[in-house]
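To start, the structure itself, in structure tokens.
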Number of protein chains: 2
Amino acid sequence: MSTVAESVGGAGDVVDLVRRAIHEGEFVPNQRLVEADLSVQFGASRAAVRTALVQLAAEGLVERVQNRGARVRAVSLAEAIEISEVRMVVEGLCAAKAAERATDDDLATLRAIAADMRDAVERGDVFGYSELNRRLHATVRAVAGQSVAAGVLDRLRGQNVRHQFRLALLPGRASVSLPQHLEIVEAICARDPGRAEAAMRAHLASVIETLPSVGGPSGA
Amino acid sequence: MSTVAESVGGAGDVVDLVRRAIHEGEFVPNQRLVEADLSVQFGASRAAVRTALVQLAAEGLVERVQNRGARVRAVSLAEAIEISEVRMVVEGLCAAKAAERATDDDLATLRAIAADMRDAVERGDVFGYSELNRRLHATVRAVAGQSVAAGVLDRLRGQNVRHQFRLALLPGRASVSLPQHLEIVEAICARDPGRAEAAMRAHLASVIETLPSVGGPSGA
DNA sequence: GCAAACAGAATTGTTGACAATCCTTGCGCC
DNA sequence: GGCGCAAGGATTGTCAACAATTCTGTTTGC
């Protein structure tokens with residue numbers, strides 16, 4: 001019990017609670033999500049839980065089958081690769097747009113992140129590097145100002161957190177991705193959309209190549 | 001009354017009815033979707049309608065605000081362009097994958113569509129060409145075998161049908177896009193992923209350029 | 001004449017109970 | 001001993017009624 005905040009005020013935010021529980025790993029892939037159980041765990045009505053599950057199903061985080069209830073959707077390795085392939089091209093688009101639209105302030109922010117990344121790798125701070133990685137990609141998306149692309153990426157990332165997480169912990173991963181990240185920042189700072197897109201795609205292609213070696217936390 | 005099939009068996013398929021009504025233009029952008037009204041129009045319970053609206057909101061087709069109900073979401077011209085930009089890169093990915101994976105049968109199908117397109121343009125059959133256009137893109141997606149990309153494209157296309165439709169009716173549009181479509185098919189038949197992606201991107205870039213001239217059916 | 005407060009209608013949000021469906025368990029039969 | 005089968009429990013789907021909120025039109029006071 002009490003693994004996650006229990007009481008919840010209203011109802012509309014049950015989605016966030018369930019989503020976080022899935023992301024944090026409290027609900028593992030293929031685990032059944034019984035409406036009655038969730039409603040007592042989160043202190044919400046069953047209808048609220050039901051609505052949340054419908055919404056999460058549309059987000060691709062849970063699977064719902066008629067009269068059989070909902071379970072946490074397991075994304076196979078093959079699907080994780082497909083997701084990353086789509087991410088590759090969409091983030092490539094964002095990188096190109098970012099190169100076109102970045103203000104001087106944006107460039108300063110990106111350069112700061114790049115510098116911090118260098119430091120983190122030098123210090124061997126894997127967790128800090130992972131966080132900076134997240135922030136770099138988020139900043140590129142924000143600078144690009146493409147809300148549609150951002151929405152697509154959010155959805156895809158949500159389904160993939162598990163694989164992404166494993167990847168970051170792979171020893172030696174940081175030293176491989178660091179130069180790729182630096183090249184992305186450099187290309188954007190040079191305001192060269194083509195180069196920025198190519199750099200982002202090269203980086204994610206490298207991620208895709210590495211994915212199989214982290215195995216399937218949520219096998220077939 | 002009786003604008004749309006009224007009686008419906010159960011409830012789960014209310015989403016399809018509402019979705020189609022939006023696509024067919026029966027529900028125009030920004031139109032309010034009152035739960036009670038829909039429930040009598042479709043002969044379903046209010047709870048079923050409510051569930052459908054939650055789902056459609058997650059799909060991005062309707063907008064829901066607390067205590068204020070749902071309305072058909074209006075996609076601005078700017079957003080339509082963003083959607084098409086994302087489509088551009090994702091369909092580009094699909095074209096590349098299709099070039100890699102197409103079987104001889106697939107190529108025959110694509111060539112047949114290309115031939116029919118030529119005929120349709122020659123005959124001045126705008127509607128037939130529009131349908132072939134739809135089928136070409138669908139076939140490329142299917143051949144690519146990328147279910148994740150297909151899902152993303154479905155979602156985006158669903159939000160954009162209105163603009164797409166207007167575009168197809170633009171006089172002289174077909175003669176512009178025909179050579180682009182032929183090049184896409186040729187590139188895939190040559191099993192050249194890079195060329196296929198470039199061709200698809202060029203085609204959609206042309207679509208994006210043309211979008212502003214069809215104006216905003218659902219203004220600001 | 002205009003702004004603010006007020007009642008009434010319209011609409012959504014929520015709850016609880018009931019019906020339908022599916023899975024499990026135990027029994028009888030071959 | 002294995003297999004079909006019915007009863008029971010568990011879980012989801014559905015519904016109708018109630019509570020809460022927002023919107024609309026009117027009235028009142030200045």
Side-chain angles (χ1 to χ4, degrees), chain A residues 1 3-19 21-22 26-74, chain B residues 1 3-22 26-74 220:
Chain A
M1 316 277 172
T3 44
V4 134
E6 289 199 0
S7 64
V8 59
D13 34 22
V14 180
V15 260
D16 293 328
L17 293 178
V18 178
R19 193 187 293 120
I22 292 177
E26 179 174 3
F27 294 155
V28 300
N30 280 326
Q31 176 174 339
R32 284 194 62 187
L33 298 175
V34 178
E35 295 178 359
D37 294 356
L38 296 186
S39 73
V40 308
Q41 176 171 359
F42 294 129
S45 75
R46 193 162 81 87
V49 171
R50 192 180 178 74
T51 299
L53 290 179
V54 169
Q55 205 165 326
L56 291 173
E59 272 181 45
L61 268 176
V62 315
E63 221 171 7
R64 266 168 52 89
V65 285
Q66 184 78 274
N67 291 326
R68 290 239 214 134
R71 46 183 65 230
V72 179
R73 200 168 78 86
Chain B
M1 315 272 173
T3 44
V4 133
E6 290 199 0
S7 65
V8 58
D13 35 20
V14 180
V15 260
D16 294 327
L17 293 178
V18 179
R19 194 188 291 119
R20 191 185 317 176
I22 293 177
E26 181 173 1
F27 294 156
V28 301
N30 279 327
Q31 177 173 338
R32 284 194 61 188
L33 298 175
V34 178
E35 295 178 0
D37 295 356
L38 296 186
S39 72
V40 307
Q41 177 172 359
F42 295 129
S45 75
R46 195 163 79 88
V49 170
R50 192 180 177 74
T51 301
L53 290 179
V54 169
Q55 201 165 329
L56 290 174
E59 274 181 42
L61 269 175
V62 315
E63 224 171 5
R64 266 167 53 89
V65 284
Q66 184 78 268
N67 290 327
R68 291 242 212 131
R71 43 182 70 230
V72 179
R73 201 168 78 87

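In what follows, chains are A, B, ... by sequence order, proteins preceding strands, each numbered from 1.
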Dump the pairs, protein N or O against N or O of nucleotides 9-12 of chain C, anything under 3.5 Å, distances to one decimal.
| residue | atom | partner | partner atom | Å |
| --- | --- | --- | --- | --- |
| C/dT12 | OP2 | B/Glu35 | N | 3.2 |

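For D/dC15, the OP1/OP2 oxygens have a side-chain nitrogen or oxygen of B/Ser45 closer than 4.0 Å.
The salt bridge (charged side-chain N to carboxylate O under 4.0 Å, His left out) search around B/Arg19 returns B/Asp16, B/Glu59, not counting sequence neighbours. Residues that satisfy the salt bridge (charged side-chain N to carboxylate O under 4.0 Å, His left out) test with A/Arg50, not counting sequence neighbours, are A/Glu35.
Screening A/Leu33, A/Leu61, A/Val62 against A/Phe27 for a side chain to side chain contact (heavy atoms under 4.5 Å, CB included) leaves a single residue, A/Leu33.
By the 4.5 Å heavy-atom criterion applied to side chains, A/Val15 and A/Leu56 are counted as neighbours.
Note that the CZ atom of A/Arg64 and the CZ atom of A/Arg71 stand 13.5 Å from one another [nearest 0.5 Å].
Rounded to an integer number of Å, the gap from CZ of A/Arg71 to C1' of C/dC22 is 13 Å.
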